[in-house]
Student: 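Here's a structure for you.
The chains referred to below are lettered A, B, ... by the order of the sequence lines, with proteins before strands, and numbering in each begins at 1. In what follows, every heavy atom counts, from backbone to side chain, and hydrogens, waters and symmetry copies are set aside.
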Amino acid sequence: MLKRTHMCGDLRDEHIGETVVVAGWVNTYRDQGKGLLFIDLRDRAGIGQVVFDLEDANSDVVQAARMLRREDVIAARGVVRTRVGGPNPKLATGTIEVMATELEVLNKTETPPILPDDYEASKIAPEKRLQYRYIDLRRPRMQQILRTRHEVARTARTYFAEHGFIEVETPCLIKTTPEGARDFVVPSRSYPGQWYALPQSPQIFKQILMVSGCDRYLQIVRCFRDEDPRADRQAEFTQIDLEMSFVDRDDVMAMMGGLAKRLWKEVLDVELGEIPVLSYHDAMERYGIDRPDLRFGLEIEDVSDLAAKTDFKVFQDALAKDRGVVKAMRVPGGAEKLTRKLTDDYTKWIRTFRAGGVPVVKLTANGFETGIAKFLGPIADALRERLELEEGDTVLFTADTWSIATKAIGELRNRVARDLDLVEEGTWKMLWVVDFPMFERDEDQERWVALHHPFTAPRTDQFDELERAPGECISAAYDLVCNGSEIAGGSIRIHRPDVQRKVFELLGIGAEEAEQKFGFLLKALRFGAPPHGGIAFGLDRLVMLLAGTDDIKDVIAFPKTQTGQDLMTEAPAPVDAEQLEELHVRVVVPEVVEPV
RNA sequence: GGGGCGGUAGCUCAAUUGGUUAGAGUCCUGGACUGUCGAUCCAGUGGUUGCGGGUUCGAGUCCCGUCCGCCUCGCCA
């Protein structure tokens, strides 16, 4: 076999005159018949041109070269020289070519079902790309993303190693935990009827490592949550997981902000600057979401007090509800840009978030016009002042309970920014969101649920509230948000068993149940647990941002579909009866499943 | 579990109110061409219209069911 000396994508002017051996895949071929044959050869580093002189039509090299087809695997020896036909500015290797003297066909390909061209990748059916993932991954773009992912992981390891973190592995076969997402479970062969669960995160283990005196822990770790996927979510995903002892909230935020800055610098050569901090309360009130996109304005105002003075039934009905509110968003210049078609569409679309519609009004030289203008008489001046309205603006409203109206207008804010092209590409708006409530009321089940997770500590000044008014208790949790995407979330943890028991109790986990399900944690906390806290970065989402893609499947080498299948390996699949027997598992299939 | 969109040649798509032999580009096969570069030109192979039923003289097209993909609501401590 010809031994490779250079990556064909790495060849430059400096290699001119050298005899090289390159190897890779035939990206394209251009056969000129009598005379010349050009091969664009692709390897991990890029694409380079190999030329064959066809003068001696009977030579083995020429005969083999003329048989080459796209995606054949070859090696070629030749001399690097300046391109005779002039440079190709589209290629990094565009000024040079390899004049081939030897050719070795390492593997002919069958006609490829898909071709690894970036320029038509978006047109190929997603299931074909997943089915033939090995071909799809040959695309330069996919190779670039794989390397970005590697860079992120490498940078994180280096950064945290510099700061005294050590990497520790935690188990994948663990005990199922209540609360949280649905677990993936694994049957135990040795213990009939007993099951392991795959970790939703290594949360408890990393806390116990703090009790063990590790002081600073790092793990790049796979997590599993058996919930329906989304464009930015897979059932199986990766966290950069961290925990620190003897720290407060500011210590953790400073350390983790440092990683974010390092990543953006190393991967994109972007200086992030100081990362601002916003309270959960302000995020929800001003942006209607706990992970606001700060690349554009469109701030939201509560106008419930004004709305109460109108006769508009939608407002009145909303305000009559428990915690009913009316929210308003000023869209500068919206009178022109927000067409009737668009605003009608919003009213329909907003129903997916359970809001009734989107009342609209425009401010013109003649005052409020269209939509609900006729109801705004009594509050016209106050509304103009509150929203600092100018002529040509549109105001969009939502009215319902606080949680529905807030969420709806938050989603609407993002939608309007997209529709009006207000999002400036290439900008990075990172922020910390802090001061989350400890608990959220689950009205259906009439109980408190943890907003973050049950091991999150109250802020140090909030222990009274924990006893007195759990609904008002503020936690020591923090989320790192970038361009409207949550990229990390964490908290200071509870390190006192009495506080942990109290929180379990508030969550409706009684002493006995707590002992049975979390006994090992409660016990560990009794034996000298240091104050500690940590965070987990979503590696997949980080890479999505840094690589500029909005499909999580692009940043995972072998992703699953929305129904949890791997189209390449065809997992999941049935197992043998003997396997089931050994595992003491009997399958009950709802209906007859057709064999494929 | 709910909603929306889609599935026609290896790939990307077209096909009039339900009407003749389901077309085009690309890939592939063969040929032409001495500096191409998403090469070009000529010719050709290639189809169980996702699958199963139904309506009809006649179904890619209409109806029912089902499978698959994408987006989304719920869900995701």
Side-chain angles (χ1 to χ4, degrees), chain A residues 27-41 47-55 66-67 69-71 82-91 93-94 97 99 109-132 135 177-183 200-201 203-204 223-235 237 348-354 407-408 411 438-440 442 444 448-456 477 486 489 491 503 507 509 538 550-551 553 560-563 565 567 570 591-594 596:
Chain A
N27 195 59
T28 55
Y29 62 94
R30 294 177 293 280
D31 186 349
Q32 307 277 332
K34 293 194 180 67
L36 296 168
L37 173 95
F38 300 94
I39 299 290
D40 282 349
L41 192 65
I47 289 172
Q49 177 166 283
V50 179
V51 193
F52 291 88
D53 189 335
L54 302 182
E55 198 170 0
R66 297 201 71 174
M67 295 298 291
R69 292 297 178 265
R70 300 188 68 165
E71 299 310 309
T82 303
R83 287 199 182 194
V84 177
N88 178 358
K90 289 181 190 164
L91 294 179
T93 60
E97 63 191 8
M99 188 62 218
T109 179
E110 283 183 27
T111 302
I114 62 173
L115 288 167
D117 290 320
D118 282 331
Y119 63 85
E120 65 179 23
S122 62
K123 293 199 289 179
I124 298 174
E127 62 268 31
K128 297 291 176 195
R129 291 181 48 197
L130 294 176
Q131 198 179 341
Y132 298 100
I135 300 176
T177 46
E179 311 274 313
R182 194 177 296 116
D183 280 327
Q200 297 180 29
S201 88
Q203 182 61 37
I204 298 177
C223 304
F224 306 87
R225 294 176 191 176
D226 189 5
E227 301 292 349
D228 291 345
R230 284 287 187 282
D232 63 349
R233 210 169 78 191
Q234 289 255 309
F237 62 100
K348 263 181 265 162
W349 174 76
I350 209 76
R351 290 183 191 139
T352 58
F353 307 103
R354 298 180 170 185
K407 171 157 195 204
E411 296 288 346
M438 282 285 287
F439 309 103
E440 220 173 15
D442 184 326
D444 294 340
W448 295 110
V449 291
L451 196 73
H452 200 62
H453 59 53
F455 318 109
T456 297
E486 183 196 324
S491 62
V503 169
L507 292 172
I509 304 171
D550 52 14
D551 186 351
K553 294 191 284 304
K560 291 182 176 56
T561 67
Q562 289 244 349
T563 46
Q565 294 191 60
L567 295 180
E570 296 182 315
E591 288 168 54
V592 179
V593 176
E594 298 282 329
V596 178

Student: So does A:R225 reach the base of B:rC76 with its side chain, donor to acceptor, closer than 3.5 Å?
Tutor: no
Student: Which part of the nucleic acid does A:Q565 contact within heavy-atom distance under 4.0 Å: base, sugar-phosphate only, or nothing?
Tutor: sugar-phosphate
Student: Return the CD1 to CD distance between A:I124 and A:Q131, rounded to the nearest 0.5 Å.
Tutor: 12.0 Å
Student: If the C1' atom of B:rA43 is compared with that of B:rC62, how far apart are they to the nearest Å?
Tutor: 40 Å
Student: Does a salt bridge link A:D551 with A:R129, judged by any charged N lying under 4.0 Å from a carboxylate O?
Tutor: no
Student: Specify the closest pair of heavy atoms between A:N88 and A:R83, including all atoms of both residues, with the distance to one decimal.
Tutor: CB-NH1, 3.5 Å
Student: Taking any heavy-atom pair under 4.0 Å as a contact, classify A:V84: base, sugar-phosphate, or nothing.
Tutor: base
Student: Whether A:Q131 contacts B:rC68 is assessed here as follows: a side-chain N or O lying under 4.0 Å from the phosphate OP1 or OP2. Is that the case?
Tutor: no
Student: Atom CD of A:Q562 and atom C1' of B:rU72: how far apart are they, to the nearest Å?
Tutor: 8 Å
Student: Rounded to whole Å, please give me the gap between CG in A:D232 and P in B:rC76.
Tutor: 15 Å
Student: Heavy atoms from C-beta onward define the side chain here; which of B:rU29, B:rC11, B:rG35 lies closest to that of A:Y29?
Tutor: B:rU29
Student: Using OP1 and OP2 only, check whether a side-chain N or O of A:K553 sits under 4.0 Å from B:rC71.
Tutor: yes
Student: Whole angstroms only, please: what is the CD-C1' distance between A:Q49 and B:rG35?
Tutor: 8 Å
Student: Need to verify one output field. Residue with the more 5' nearest nucleotide on RNA chain B, A:R69 or A:Q200?
Tutor: A:R69
Student: Between B:rC68 and A:T563, is there an OP1 or OP2 to side-chain N/O distance shorter than 4.0 Å?
Tutor: no
Student: Taking atom P in both B:rG4 and B:rU45, compute the distance separating them and give it to the nearest angstrom.
Tutor: 43 Å
Student: Can you tell me how far C1' in B:rG50 sits from the matching atom in B:rC70, rounded to whole Å?
Tutor: 16 Å
Student: Just checking A:I124: base, sugar-phosphate only, or nothing, at a heavy-atom cut-off of under 4.0 Å?
Tutor: sugar-phosphate
Student: Does a side-chain N or O of A:T561 approach OP1 or OP2 of B:rG69 to a distance below 4.0 Å, or not?
Tutor: yes
Student: Could you measure between the two C1' atoms, the one in B:rG58 and the one in B:rU21, and give it in whole Å?
Tutor: 15 Å
Student: Taking N and O atoms by type only, does the side chain of A:E120 place a donor or acceptor under 3.5 Å from a partner on the base of B:rU26?
Tutor: no
Student: Considering only B:rC33, B:rU12, B:rG69, which nucleotide approaches the side chain of A:K128 most closely?
Tutor: B:rU12
Student: Please evaluate the base of B:rC75 for a donor-acceptor partner in the side chain of A:R182 within a cut-off of under 3.5 Å?
Tutor: no
Student: Considering only heavy atoms and no angle criterion, is a donor-acceptor pair shorter than 3.5 Å present between the side chain of A:E227 and the base of B:rG74?
Tutor: no
Student: With RNA chain B as reference, determine whether A:T82 or A:P113 sits nearer its 5' end, using the nearest nucleotide of each.
Tutor: A:P113
Student: Does A:R230 contact B:rC70 through a side-chain donor or acceptor facing the base, at a distance under 3.5 Å?
Tutor: no
Student: Taking everything shown except A:R354 itself, do over 12 heavy atoms lie less than 6.0 Å from its CZ?
Tutor: no
Student: Choosing from B:rC37, B:rC28, B:rU12, which nucleotide comes nearest the side chain of A:N88?
Tutor: B:rC37
Student: Measure from the side chain of A:R233, starting at C-beta and using heavy atoms only, and say which of B:rG74, B:rG35, B:rG69 lies closest.
Tutor: B:rG74
Student: Expressed as a whole number of Å, how far does the C1' atom of B:rU12 sit from that of B:rU17?
Tutor: 28 Å
Student: Considering only B:rU12, B:rC27, B:rC71, which nucleotide approaches the side chain of A:T111 most closely?
Tutor: B:rC27
Student: At under 4.0 Å, does any side-chain N or O of A:R30 touch on OP1 or OP2 of B:rU36?
Tutor: no
Student: B:rC73, OP1 or OP2 - any side-chain N/O from A:K407 closer than 4.0 Å?
Tutor: no
Student: Where the side chain of A:R70 is concerned, which of B:rC70, B:rC27, B:rG69 is the nearest nucleotide?
Tutor: B:rC27
Student: Give none if B:rC41 has no partner; otherwise give the nucleotide forming a Watson-Crick or G-U wobble pair with it, both distances under 3.5 Å.
Tutor: B:rG31
Student: Could you tell me the separation between the CZ atom of A:R66 and the C1' atom of B:rG30, rounded to a whole number of Å?
Tutor: 12 Å
Student: Could you work out the separation of B:rG18 and B:rG60 based on their P atoms and round it to a whole Å?
Tutor: 13 Å
Student: Can you say whether the rings of A:F353 and A:W349 are parallel (under 30°), tilted (30 to 60°) or perpendicular (over 60°)?
Tutor: perpendicular
Student: Without decimals, in angstroms, what is the distance between A:D228 CG and B:rC70 P?
Tutor: 12 Å
Student: Taking only the C1' atom of each, what is the distance from B:rG25 to B:rG44 in whole angstrom?
Tutor: 16 Å
Student: Nearest to the side chain of A:E97, which nucleotide is it out of B:rC27, B:rA39, B:rU36?
Tutor: B:rU36
Student: Between B:rG46 and B:rG23, how far apart are the P atoms? Round to whole Å, please.
Tutor: 13 Å
Student: Check the distance between B:rU40's P and A:K34's NZ and give it to me in whole angstrom.
Tutor: 20 Å
Student: Please name the residue in the list A:L115, A:I47, A:L41 that meets the side-chain contact (heavy atoms from CB on, under 4.5 Å) test with A:N27.
Tutor: A:I47
Student: Looking at every non-hydrogen atom in both residues, tell me the closest pair between A:T28 and A:R30 and how far apart they are.
Tutor: OG1-NH1, 3.4 Å
Student: Under a 3.5 Å limit for both distances, which nucleotide forms a Watson-Crick or G-U wobble pair with B:rC5, could you say?
Tutor: B:rG69
